Amino acid sequence: MVGSQWRHWVLLISPQEERRRMTCIVGLISDGSVHIGGDSAGVAGYSLTLRADRKVFRNQDFLFGFTSSFRMGQLLAHSLKPPKRDPETDVYAFMVTDFVDALRQCLKDGGYARRQDEVERGGTFLVGYAGRLFRIDDDYQVVEPVDGFDACGCGQQIALGALYASSSSPPRERLEMALNAAERFSAGVRGPFHFETLSLAG
């Protein structure tokens, strides 16, 4: 009976939940710059691939670090045309409206966006822009953490604890500590780790 219940539970794992079982992306802001780091794991069930295509990259004035799907990351890196913000437009309002509109269109055109129960879904990633850090969730909501740091992927909670406990350390060191902790305690996180910094000066 226990075995049958276990098999039933496994079958109920959704594709979205399976995608959450890989990756750790970490980000923080410091002195007007956004710093993002990420791992290299590609996970499918019990299979692990170390990917050469990086989860952390720049696209024009934006810095990205993604989880969810490598296909989504490829679209963010090579298909997304980030809109330009009117200097009079509030940064957060711009992210919620113009940026998300461009993102949704990009994911739909690339065949990644999906609909479930009449609700459109994308993926999850961190994005740095204009000296600020945001997390875009799979329902396209825009999150800006008050702590000045965030994480996503299966190593998220481990990394957040490390970032919280290392507030007095330099930015790169904090990201490294968070990723090392996630790799140590999460089966879906593996180095090598990659880092990028986006300053207001570009």
Side-chain angles (χ1 to χ4, degrees), residues 10-11 13-30 33-60 62-80 82 103 106-107 110-114 121-128 133-138 143 145 149-166 169-198:
V10 170
L11 290 173
I13 296 176
S14 68
Q16 293 88 349
E17 181 62 29
E18 186 65 31
R19 280 188 283 269
R20 293 189 187 103
R21 293 170 177 244
M22 73 169 193
T23 304
C24 187
I25 303 297
V26 292
L28 60 85
I29 51 177
S30 177
S33 295
V34 184
H35 308 263
I36 293 181
D39 75 324
S40 298
V43 178
Y46 289 107
S47 297
L48 171 68
T49 302
L50 296 183
R51 302 277 300 233
D53 44 340
R54 298 187 177 191
K55 300 176 187 178
V56 179
F57 51 84
R58 293 179 61 162
N59 183 342
Q60 297 185 30
F62 296 80
L63 179 59
F64 291 90
F66 71 88
T67 181
S68 301
S69 163
F70 278 92
R71 175 57 180 163
M72 182 189 73
Q74 291 161 1
L75 293 172
L76 293 177
H78 303 293
S79 292
L80 178 65
L103 169 67
C106 171
L107 297 186
Y112 178 75
R114 57 201 180 278
R121 296 283 178 180
T124 302
F125 58 91
L126 299 185
V127 56
L133 177 69
F134 303 94
R135 186 181 75 245
I136 311 299
D137 284 336
D138 62 3
V143 180
F149 62 82
D150 205 349
C152 59
C154 66
Q156 175 181 355
Q157 296 303 316
I158 301 165
L160 287 174
L163 289 169
Y164 179 81
S166 62
S169 299
R172 173 64 175 268
E173 188 175 319
R174 294 180 69 193
L175 297 184
E176 289 176 346
M177 285 191 285
L179 289 170
N180 283 325
E183 182 181 46
R184 178 66 179 86
F185 295 105
S186 174
V189 180
R190 289 293 184 277
F193 304 132
H194 303 288
F195 305 89
E196 292 282 350
T197 296
L198 182 67

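All of these numbers come straight from a predicted model, not from anything done at the bench.
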Q. Should M22 and F70 be marked as a side-chain contact (heavy atoms from CB on, under 4.5 Å) after you check the CA-CA gap, both sets of side-chain angles, and the distance that decides it?
A. CA-CA 11 Å; M22 73 169 193; F70 278 92; 3.8 Å; yes

Q: Output, in order, the C-alpha distance, side-chain angles, deciding distance and verdict of side-chain contact (heavy atoms from CB on, under 4.5 Å) for N180 and F193.
A: CA-CA 9 Å; N180 283 325; F193 304 132; 3.3 Å; yes

Report the distance from atom [atom1] of [X] to atom [atom2] of [Y], rounding to the nearest 0.5 Å.
{"X": "M72", "Y": "T124", "atom1": "CE", "atom2": "OG1", "value": "6.5 Å"}
{"X": "E173", "Y": "S166", "atom1": "CD", "atom2": "OG", "value": "8.0 Å"}
{"X": "D150", "Y": "L160", "atom1": "CG", "atom2": "CG", "value": "6.0 Å"}
{"X": "I36", "Y": "L63", "atom1": "CD1", "atom2": "CG", "value": "4.0 Å"}
{"X": "S68", "Y": "Y112", "atom1": "OG", "atom2": "OH", "value": "4.5 Å"}

Short question: side chain of [X], backbone of [Y] - any donor-acceptor pair under 3.5 Å?
{"X": "S40", "Y": "P192", "value": "yes"}
{"X": "R71", "Y": "G110", "value": "yes"}
{"X": "N59", "Y": "L76", "value": "yes"}
{"X": "K55", "Y": "A41", "value": "yes"}
{"X": "R174", "Y": "L163", "value": "yes"}

[X] to [Y] - nearest heavy-atom pair and separation:
{"X": "R58", "Y": "T197", "value": "NH1-O, 3.9 Å"}
{"X": "L28", "Y": "S30", "value": "CD1-CB, 4.1 Å"}
{"X": "C24", "Y": "G155", "value": "SG-O, 3.7 Å"}
{"X": "A178", "Y": "V26", "value": "CB-CG1, 3.9 Å"}
{"X": "R135", "Y": "C152", "value": "CD-CB, 4.3 Å"}

Q: Run through F57, F66, F134, F64 and flag the one making a ring pair (Phe, Tyr, Trp, His ring centres under 6.0 Å) with F125.
A: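 The single option meeting the ring pair (Phe, Tyr, Trp, His ring centres under 6.0 Å) with F125 is F64.
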
Q: Show the numbers, then the answer: is there a side-chain contact (heavy atoms from CB on, under 4.5 Å) between S186 and I158?
A: CA-CA 8 Å; S186 174; I158 301 165; 4.1 Å; yes

Q.
Test side-chain contact (heavy atoms from CB on, under 4.5 Å) on L179 and F195; report intermediate values, then the result.
A. CA-CA 11 Å; L179 289 170; F195 305 89; 3.7 Å; yes

**Q.** Flag side-chain contact, heavy atom, 4.5 Å: D39 against E183
**A.**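 The answer is no, as the side chains (C-beta and beyond) never meet within the 4.5 Å cut-off.
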
